[in-house]
Amino acid sequence: MSAAEGPLVVGVDTSTQSTKALVVDAATGEVVASGQAPHTVSSGAGRESDPRQWWNALCEALRQCGDAAHEAAAVSIGGQQHGLVTLDDRGEPVRPALLWNDMRSAPQARRLTEELGGAKFWADRTGSVPAASFTVTKWAWLAEHEPEAIRATRAVRLPHDYLTERLTGQGTTDRGDVSGTGWWASGTESYDEEILAHVGLDPALLPRVVRPGEVAGTVRDSHDLPFSKGTLVAPGTGDNAAAALGLGLRPGMPVLSLGTSGTVYAVSQRRPADPTGTVAGFADARGDWLPLACTLNCTLAVDRVATLLGLDREAVEPGTSVTLLPYLDGERTPDLPNASGLLHGLRHDTTAGQLLQAAYDGAVHSLLGALDLVLDEDADRSAPLLLIGGGARGTAWQQTVRRLSGRPVQVPEARELVALGAAAQAAGLLTGEDPAAVARRWNTTRGPVLEAVERDEETLARISGVLSDAAPLLERSTQID
């Protein structure tokens, strides 16, 4: 490990499938140590994880970091959004957490929208229209299907809240992550008492919302983590808000993130409220806003298609008129929670590589369709798309995004942007800086820019046409109970 110029900080990314920890030099942004450990996610109709696995994975990731983690002066947790964590009176999970990609609460999402004033009410009040991903719908599902779990619950947390509380002993969250619950009013930046009353959730069960730049607490000494007692703990935030910090985003800079889910977002100084539900009006972790559109099916779905075809994920072939909508987990954008994958246009001469390319096209089409809605009217539509996430370095992903967007694409060299953003937030506690300014000082967006190519309007139109024609079929596909 090279000698650090400044104090060390730890940034954590607790994602759907693993927890990663980075020890970062606050002065230079150099990653001096790292660690990672996996979680398991249930299969079948639901998507659940035991929160205790996240804690064990955090301990293991930090153990891999060695002495550097013990020397850290501050830590911050970035985490997967929306997950519903229910804790009993001992702080233990009542049941496994319901994750963001658990679509069983789609009926509750529709019902809540109808029962409380319709889509415009929700968009105006919370910034977003409830979708099955949102925490409020999962609470409603749990109340309907497992009332005994509701009765046993003494605290409700999000995934990053759970780990932060294990560190500090205090129940806290932040505006970025709480804005994805559906029970936080974005206009007043407070819990919405009407919505909470409607779903039967006592606000006393919810964590305190820590303001940007505020210390959430200090590391307590009643655990075996390799932190010194008294180490500062930052508010933490949701994964997308953390990545926005990690990129040092300025308003209007567009991001396309390719992970298990796909997202497009940009920082805005205007509070978003999209009554169509396409754009979620999230808060960022600084005091601005993070309008965002999310798809459920991205790298994992395309990799699954590659596996079914017996192909490497890069083995795509051009020249196809086949359309593949890879909605393997239902879909959020477009809002088709009960959908399954759909293949149209198969011919005798269609190759496996062309089918795989069609899966990439279908996944990217959904993301680009929401991009213009995410950006403010005065945003530069020719600015490079910042391509991040696990798929960002894949040639097939890069070329598909270039071809279907018609925009230049920049691929930052920095990896683990969620954990880097959390580290920037922790560094900001020590220096008094804006965390985004810390990340800009670290030059985290540095990376090659791929020039724009002519937009493939023919493919975009073909996919849009199939999606429109197949909408009734997709709506009545295999139902999720």
Side-chain angles (χ1 to χ4, degrees), residues 16 41-49 80-86 95-116 118-119 121-123 125-146 149-150 156 158-159 177-184 195 198-201 238-240 259-263 274-282 292-298 300-301 325-341 363 366-367 370 471 474-481:
T16 313
V41 178
S42 68
S43 57
R47 294 290 186 273
E48 301 181 354
S49 285
Q80 55 176 308
Q81 292 184 255
H82 306 307
L84 176 63
V85 181
T86 50
R95 67 177 315 285
L98 297 169
L99 303 186
W100 61 273
N101 54 350
D102 189 318
M103 294 289 99
R104 288 176 291 179
S105 61
Q108 286 73 25
R110 289 191 293 269
R111 193 178 311 143
L112 287 174
T113 303
E114 295 166 358
E115 290 173 350
L116 275 180
F121 167 90
W122 284 88
R125 189 72 71 90
T126 71
S128 305
V129 179
S133 303
F134 282 37
T135 326
V136 68
T137 72
K138 299 181 188 305
W139 176 264
W141 181 90
L142 195 63
E144 185 172 332
H145 292 271
E146 299 181 22
I150 295 290
V156 173
L158 296 165
D177 213 2
V178 77
S179 67
T181 60
W183 54 57
W184 184 79
I195 291 173
H198 187 80
V199 298
L201 177 53
D239 51 7
N240 290 297
T260 304
S261 65
T263 55
D274 176 17
T276 72
T278 302
V279 176
F282 296 150
L292 176 148
C294 176
T295 64
L296 296 181
N297 299 278
C298 195
L300 200 62
L325 303 178
Y327 302 160
L328 307 190
D329 279 323
E331 191 44 84
R332 172 169 162 179
T333 305
D335 185 18
L336 296 165
N338 297 320
S340 55
S366 295
L367 286 166
L474 292 166
E475 288 280 8
R476 67 172 184 264
S477 292
T478 306
Q479 295 292 316
I480 301 172
D481 298 323

Contacts of type side chain to side chain contact (heavy atoms under 4.5 Å, CB included), residue [X], not counting sequence neighbours:
X    : value
S366 : T295, Y327, P334
T278 : D274, T276, T333, A370, L373
S133 : H82, M103, L296, R332
L201 : W139, V156, W183, L196, V199, L205, L206

Using the test side-chain hydrogen bond (donor to acceptor under 3.5 Å, both in side chains), find all partners of [X] that sit at least two apart in sequence or belong to another chain.
X    : result
D335 : none
T137 : S105
Q80  : none
W184 : none

- Message: Under a 3.5 Å threshold, yes or no: a donor from one side chain and an acceptor from the other, between E475 and N338?
- Response: no
- Could you list the residues that satisfy salt bridge (Lys or Arg N to Asp or Glu O under 4.0 Å) with R47, not counting sequence neighbours? D329
- For E115, all residues meeting salt bridge (Lys or Arg N to Asp or Glu O under 4.0 Å), sequence neighbours excluded: none
- Message: To the nearest 0.5 Å, what is the distance between CG on N297 and CG on L325?
- Response: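 Rounded to the nearest 0.5 Å, the CG-CG separation comes to 10.0 Å.
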- side chain to side chain contact (heavy atoms under 4.5 Å, CB included) assessment of L142 paired with L84: CA-CA 10 Å; L142 195 63; L84 176 63; 4.1 Å; yes
- Message: Can you tell whether the side chains of R104 and E48 come within less than 4.0 Å, N to carboxylate O?
- Response: yes
